[in-house]
Protein chains: 2
Amino acid sequence: MKATIYDVSRLSGVSTATVSRTFSAPEQVREDTRRRVYEAASALKYTPNAIARDMALQRTNRIAYLICKRQATILDEFYAGICEGIMRRANALNLQLIVSTADDWRQMAANAQSKQVEGVILGGDVAPAMVSEFQARNTFIVLVNNRMEGFDLPCVVSDERQGIRQAAQCLAEAGHRRIALMMGGYSPFIVGERYAGFIEAMAALRLPVTDADVTMCDRTAASAAESAMKLLSGPDRPTAVLAVSDVVAAGVMKAARRLGLSVPGELAVTGYDDSAICTLLEPELTSVHIDVRRMGETAVNLLCRGLEGEDTPRLTVIPTQLTRRGSV
Amino acid sequence: MKATIYDVSRLSGVSTATVSRTFSAPEQVREDTRRRVYEAASALKYTPNAIARDMALQRTNRIAYLICKRQATILDEFYAGICEGIMRRANALNLQLIVSTADDWRQMAANAQSKQVEGVILGGDVAPAMVSEFQARNTFIVLVNNRMEGFDLPCVVSDERQGIRQAAQCLAEAGHRRIALMMGGYSPFIVGERYAGFIEAMAALRLPVTDADVTMCDRTAASAAESAMKLLSGPDRPTAVLAVSDVVAAGVMKAARRLGLSVPGELAVTGYDDSAICTLLEPELTSVHIDVRRMGETAVNLLCRGLEGEDTPRLTVIPTQLTRRGSV
DNA sequence: TCGTGAAATGTAAGCAGTTACATTCGGCTT
DNA sequence: AAGCCGAATGTAACTGCTTACATTTCACGA
């Protein structure tokens, strides 16, 4: 039923090659010929068949973004932000974007091998086996928000150490000496960077760090509030909490309210991610802004360069920025 | 470089037809033949080329989700939730999912015509021209979170009237007579439903509605807070606000705090969407839960049925549910 | 008018599978 | 041993486009 290039060729009286060129390289076709082709095409409601084109060219202009997380994938504001960046950049470059979860990775690896998908961006907690599989199939991959030892691939991460430092500095400037660190559960790489960043920053500020002041909790407000209750109810409590997640910070603020501690008066709090909730809380939350969109865009750029065979940097670090609000 | 079915055919000593069958209909191939083919295939690291298969079969098992919004697309928790649902269901059905924005729709329509994309789910504020274009190209589409007059296509919406009614009832049960409605800016269809739902619910509850108590504002906490300040600072103020968005509700709570009104003591507030922020606010926000995930899943189901040529209901309404927390 | 070279167009061989139809195989009955 | 039949396999046409290479067209100068 569908019109093909042959139908257009017949109706317009030119060869299929010319029809093809009219659509994919019009400058090679003489003006009047071109017009005849267009007329025939619109009479037949012809549209080039993208699948056939992919087949002939052996390329699809299609990339994939795999979010490797157990729970909320795209619902996680962070990964959604990266996705938004990827999407915008992909659109700009005329790339189709397939979004999926890690469950799907074997399937995706197969698709990648047959170049139905040209390259893959992996976000989150990636298993080494997954990376190996893609590499075994000669698929170009870019890691976002993660780094992996022993693999030679481009990574895009935000500058976790800088972010932590900015938060710590902000608290120190406000006169706090006793600063606690509360981290939500993230991938080992992220947690490691953040912890290291904290130690570094505190040393630079000549402030003490005690193990009791470093807490890990789940990434829910309830869990964070619970941990914070313990941390803050002692007689000798920290005067500031550097929460490495806005949700955790919200939990800390809840605990503070329950304990009758005013924020920022009696307790200062900083968050991390600068997510939508920061301006909804009372007081509004000072938080470390991560340019997630740029992370996504950068990942696409790297992927493209890699696909073109160009050299790409192994590591791209996106700077963070502190957004000051009322919680310090 | 890449191994093809011919290479496997040669190495295993069977015809290409048998190789093809071994991969797409193994039960038609005798056990020992099958094994020989598998061996040859793994020796050559052969994987079927999905593009060629798509071409031969004229089908791709690929669908698209187009988010038609100006600003934050996938960053909007609501559309992200729908996306999550679509993604899960698509994975389960072995469909590839392309995610894009409305900017891309002409391109997508062309892809759809050549069946590179088999069907499309449109979310958000869809222009009639867009729908016409897809229909003109014989593409099956499903609308999610929207309905359009004059077009014959399946729609998935949440039961806005029910949601508003649940919120209004909850407030009425708590003894409130003077209930104000605050709506964020959404598509005409949604706003219409919500307003109608409010009028209905208030009538059923035999409560008065005055124009002064119905407010439209932007979907930001700041804008909502500003509107709420006006609404609540008069001497004869409403005792409850039915906010049709959690962000708006957060704005209302901010205004209440500024005015020294305690929530829920002096002012009750309900939100809408039951988003992640509900449990972060103080007090936690009573909100109408929309099963966005199910909306997404349903959209995929409808799309599939439609693609199979089966009849699909024009309208699927997903029920809402009130989640009671501390703000009433 | 003819020759020349660049530009425009045509011919046909891919791209990598699927599958209708034809053929062969192998076990069973007579 | 011949005949038969269904299962297994093979042959080759087909999907719709691109493009290397061959051929034609055309403008321009000699």
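The chains referred to below are lettered A, B, ... by the order of the sequence lines, with proteins before strands, and numbering in each begins at 1.
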Need one value for A/Thr16: base, sugar-phosphate or nothing, where a base atom within 4.0 Å counts as base even if backbone is also close, heavy atoms only. base

Quick one: B/Arg36 CZ to D/dA8 P, roughly how many Å, whole number? 15 Å

Is A/Asp125 reaching over with its side chain to a backbone N or O of A/Cys68, donor-acceptor style, under 3.5 angstrom? no

Close aromatic pair by centroid cut-off 6.0 Å: B/Phe134 and B/Phe151: no

Please lay out, stage by stage, how A/Asn61 and A/Asn94 fare under the test side chain to side chain contact (heavy atoms under 4.5 Å, CB included). CA-CA 7 Å; A/Asn61 288 319; A/Asn94 243 307; over 6 Å; no

I'd like to know if the side chain of B/Arg314 and the backbone of B/Thr312 have a donor-acceptor N/O pair within less than 3.5 Å. yes

Just to be sure I understand the rule, does B/Phe23 reach a base, reach only the sugar-phosphate, or reach nothing, if contact means heavy atoms closer than 4.0 Å? nothing

Without swapping roles, check the side chain of B/Ser20 against the backbone of B/Thr16 for a donor-acceptor pair under 3.5 Å. no

What integer distance in Å separates B/Arg53:CZ from D/dG16:C1'? 19 Å

What does the list of N/O pairs under 3.5 Å between the protein and nucleotides 7-9 of chain C look like, with a distance for each?
from  : atom 1 : to      : atom 2 : distance (Å)
C/dT9 : OP1    : A/Thr33 : OG1    : 2.2
C/dT9 : OP2    : A/Arg30 : N      : 3.0

A/Arg35 and A/Asp32: salt bridge (Lys or Arg N to Asp or Glu O under 4.0 Å), yes or no, with the steps? CA-CA 5 Å; A/Arg35 197 169 27 241; A/Asp32 56 337; over 6 Å; no

Starting at CG of B/Asp7 and ending at C1' of C/dG17, how long is that distance when rounded to a whole Å? 13 Å

Let's see if you get this right: which residues in residues 55-64 of chain A place a heavy atom under 4.0 Å from DNA chain D? A/Met55, A/Ala56, A/Leu57

If you count every heavy atom of other residues, nucleotides or ligands that lies below 6.0 Å from A/Glu27 atom CD, does the total exceed 12? yes

Would you indicate what B/Thr47 reaches in the nucleic acid, counting non-hydrogen atoms under 4.0 angstrom: base, sugar-phosphate, or nothing? sugar-phosphate

Any N or O donor-acceptor pair under 3.5 Å from the base of C/dC15 to the side chain of B/Tyr6? no

Round to a whole Å and report the spacing from CD1 of A/Ile51 to P of C/dA16. 16 Å

Inspect the surroundings of CZ in B/Arg137 and state if more than 12 heavy atoms from other residues, nucleotides or ligands are less than 6.0 Å away. yes

Interatomic distance where CD belongs to A/Gln113 and P belongs to C/dA16 [whole Å]: 12 Å

For A/Asp54 and C/dG17, what is the distance between atoms CG and C1' respectively, to the nearest whole Å? 14 Å

Check: A/Val29 main-chain N/O paired with A/Arg34 side-chain donor or acceptor under 3.5 Å: yes

Whole-Å distance separating the CD1 atom of B/Ile5 from the P atom of D/dT9: 14 Å

